[in-house]
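Step one of this worksheet: look at the structure below.
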Amino acid sequence: MTDGGTVAGLVVERLTAWHVPRVFGRGGAAVAPLVEALRATGGEPAFVPVHQAEAAGFMAVGHARCTGGVGVCLAAQGPDAVHLLNGLYDAKLDGRAVVALIGADGDGAACGARQEMEPTRLFGDACGQFVRVAQHPDEVDALLDRAFRTAVATSSPVCLVLPRAVLTQPAPPAQPAAGVLNPPQGRPPARVLPHESDLNAAAGLLAAGSRTAVLVGQGAHGAEAELLAIVDRLDAGVAASLLGKPVLDERLPFHTGVLGAVGSTAAVELMAGCDTLLLVGTGDPWSDYYPVPGQARVVQIDIDGRRVGDRYPVDVPLVGDARETLRALLSRLGAVPARDWRAEVEASVDRWRAEIAARADAPADPVNPQLVVRELGPRLPRVATLTVDAGSVTYWYARHLLLPSGVTAHLSGGLGAVGCAVPYAIAAKLAAPHRPVLALAGDAAMQLSGLAELITVAQRWPQWPDPRLVVLVLNYRDRAGTGVVDPLSAPADRMPDVPYAGWARLLGLHGIRVDRPELVGSAWDEALAADRPTLIEAVVDARVPHDVPEPPLADLRDVMADGRASRLIQERMLG
C-alpha cells in the first residue's frame, strides 16, 4: 500500500493477492469508496455492476461453479444486502466458496439508522462459517484473509462487513499477505485419502457384488477416467445426480441418466435391481429413489465426512478426494467375472431413450418444450457451458440433453433457486469469454431478473472473442411459469406474454421467436451461428406433463419398521 492510500484501496490490494478477477455487485453510498477503488484499477479485480442485487449473489456463485475459485459479491447494507441472501444460500447448499462484502453507513451494528439491519444475525445462517464486522483499519487485511481462507477450506459462503467510516480512513502500514491460500482453480487445498483398512473393506464389498450401481455427484468432477475404470472393472451401471450430470459422458450405453423426480425410469430400474451401490461425491436429496434400505450394500466416497451416511445407510464410508480414493480402490480390485447385469442395464437405457424420444416428438400446442431442449443436444458445441434454471426446464434438461465429454453444466441443486440461469451464464462468459455459453430458463425466471440482466449482456458482449451466449426462454404463458396451467385461474392471474425476443432485439442482441415445431432446429442453428448473443423465445405448451418416475419399490418403504421388508423385497424382485 502506498502512502496516502485508504482502507478501500487496501481491500482491493488484498483481493488482488487472492487472485480475484472480478467483483459482482451494486453501488451505493455505503460501498462507494470500495467501488471507486475497484474502478481505479482499470483491470483486475474489475467491478461488474448488476441491475438487480440478487443477480450479484448468483453471479458470484456462478463464478465459483465455473472456475472452482472464489466468487465475490458486493452490496450496501439494506435491501441490496438482503437480496444477496438467495445467492449465498445457493452457495451454502451446493458447497461453493463465495465472499460477500457488505458496506455499512454506520459502524456495522444496529443503531437505529435508516435501512438498519444487524448483519451478523442476517447473514449468520447462510454464512455460518464466518461473519465479521471490521471495526478498525488495522484489522481489515487479517479479516479479509480469514474470510477467504474459510471460504476455500469449507467450500461455503462467508461475509465481511466493511463500514464506510473504516473504508475511508488512511490505510495502515502494509502487511505481508500472510496465510494466503489460493490453490489452482478447481484443485483441492490438500490431498485426502481414507484409511487403508477402510479401502480394503470397500474393495472387498465391491468385489463381492454382482449387480453394482454407481451414483455420480458433483464431487466426482476431475475423476472421470477413474470412474470409468472402476465402472468397467465392476461391470456396473451408472446414474447421476442433477449436479453430477456433466461428470461422465451421458451417451455411454450403461449411463441411465439422472436419478430422482426429474430423472429417468432407467435410473429407477438401476436402483431397484442393484445389490451393491457406490456413491461418489453425491448428496442427492432424492433418497426415496435409492434402493430400499437392506437391499444393497453401500460404499460412499466424499471429501466431507459430515455428508457420509447423511442421506442413506452406508456400510463402508470413505472420506477422501474422489479421484485419489477411486485410484486406491482400483489398485485393490482384481478382475471381476463378466455378468449379465450390464446387459440388463443397457437394455433398460435403450427402452428409456426410445421413450423420451417419443415424448419429445408428441404433438403439442404450439410447441412441445421437450422437443425444444432435445433439438439442442446434437448441436451442442463440445466446449460449451450450460446454465439451467429451476422449474420445468430442469426436467427437460435432465432427461433430454445427453451431455458429452467437454460440456459443463451448472444449476442450483440444493436451493432450486428461480432466476439463476442468466446470472450464472454471465459469470461463466466473463470467466471464459472464448467458450460458448447457453442458458436455459422459463418465463418466470426471465421476468424475475433475466430481462434486466440482458442489459448487462448487451453492455459487455462486444469485448468477448466468442460472442455466443444463447438464452433459451420457454414461454409457457401461464400463471406460475412451472409448466402447469391452473384451469381455475383467471386470465388476468396468469403470467403476461412478454415479447422476450423483441426485448433482446431492442437491446441490440439477436432475437428469435419459435411458435412452430418445424422452426426449432433451425432456430438453434441460427443462434449458434450468430455474431452476437441471442435469445430464443420458444412458445410452448404448458400442458405437457412432467411424468415423474415412481421411486423403486415405493409401496414397501412404509413397512420397513415391522420386519416384513426382507420377505417383501425378495418376493418383488423374484416376480
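The shown structure was predicted, so the numbers you read here are calculated from the model rather than taken from an experiment.
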Within-4.5 Å side-chain heavy-atom neighbours: L528 and L438: yes
Using residues 402-409 as the side-chain source, report each donor-acceptor pair under 3.5 Å to any protein atom, sequence neighbours left out, with the distance given to one decimal.
| residue | atom | partner | partner atom | Å |
| --- | --- | --- | --- | --- |
| T408 | OG1 | T385 | OG1 | 3.2 |

Passes side chain to side chain contact (heavy atoms under 4.5 Å, CB included), W396 versus L440? Steps please. CA-CA 10 Å; W396 316 141; L440 311 182; over 6 Å; no
Report yes if the side chains of K429 and D466 come closer than 4.5 Å at any heavy-atom pair, otherwise no. yes
When rounded to the nearest 0.5 angstrom, what is the spacing between CZ in R359 and NE2 in H400? 7.0 Å
For R351, give me all partners under side chain to side chain donor-acceptor pair (under 3.5 Å), at least two apart in sequence or on another chain. E269
Pair Y424-R65, side-chain donor/acceptor within less than 3.5 Å: yes
Got a sec, which residues hit ring pair (Phe, Tyr, Trp, His ring centres under 6.0 Å) with Y395, two or more places apart in sequence or on another chain? H546
With the threshold set at 4.0 Å, does a side-chain nitrogen-carboxylate oxygen contact exist between R96 and D94? no
Any side-chain heavy-atom pair from V349 and F254 closer than 4.5 angstrom? no
Kindly indicate, with the supporting measurements, whether the criterion side chain to side chain contact (heavy atoms under 4.5 Å, CB included) is fulfilled by V231 and R342. CA-CA 10 Å; V231 166; R342 174 67 73 81; 3.6 Å; yes
Which value, rounded to the nearest 0.5 Å, describes the distance between L469 atom CG and H510 atom NE2? 14.0 Å
For the CH2 atom on W503, are there more than 12 heavy atoms of other groups (residues, nucleotides or ligands in this structure) within a distance under 6.0 Å? no
Would you compute the distance between atom CG of L411 and atom OG1 of T387 and round it to the nearest 0.5 angstrom? 9.0 Å
Residue pairs, two or more places apart or on separate chains, that pass salt bridge (Lys or Arg N to Asp or Glu O under 4.0 Å) and touch residues 521-532: R379-D525
Pairwise side-chain contact, F47 with L74, heavy-atom cut-off 4.5 Å (strictly under): yes
Can you find a heavy atom in the side chain of L270 that is under 4.5 Å from one in the side chain of S348? no
Residues that A229 engages under side-chain contact (heavy atoms from CB on, under 4.5 Å), provided they are two or more places apart: L330
Heavy-atom check, side chain of D235 versus side chain of W341, under 4.5 Å: no
Is R382 atom CZ crowded by more than 12 heavy atoms from other residues, nucleotides or ligands, each under 6.0 Å away? yes
Side-chain atoms of residues 236-244: list all donor-acceptor pairs with protein atoms under 3.5 Å, sequence neighbours left out, distances to 0.1 Å.
| residue | atom | partner | partner atom | Å |
| --- | --- | --- | --- | --- |
| S241 | OG | G244 | N | 3.0 |

Are M446 and V498 packed together at the side-chain level, in the sense that at least one heavy-atom pair is separated by less than 4.5 angstrom? no
Would a 4.5 Å heavy-atom cut-off, applied to side chains only, mark D541 and N368 as touching? no
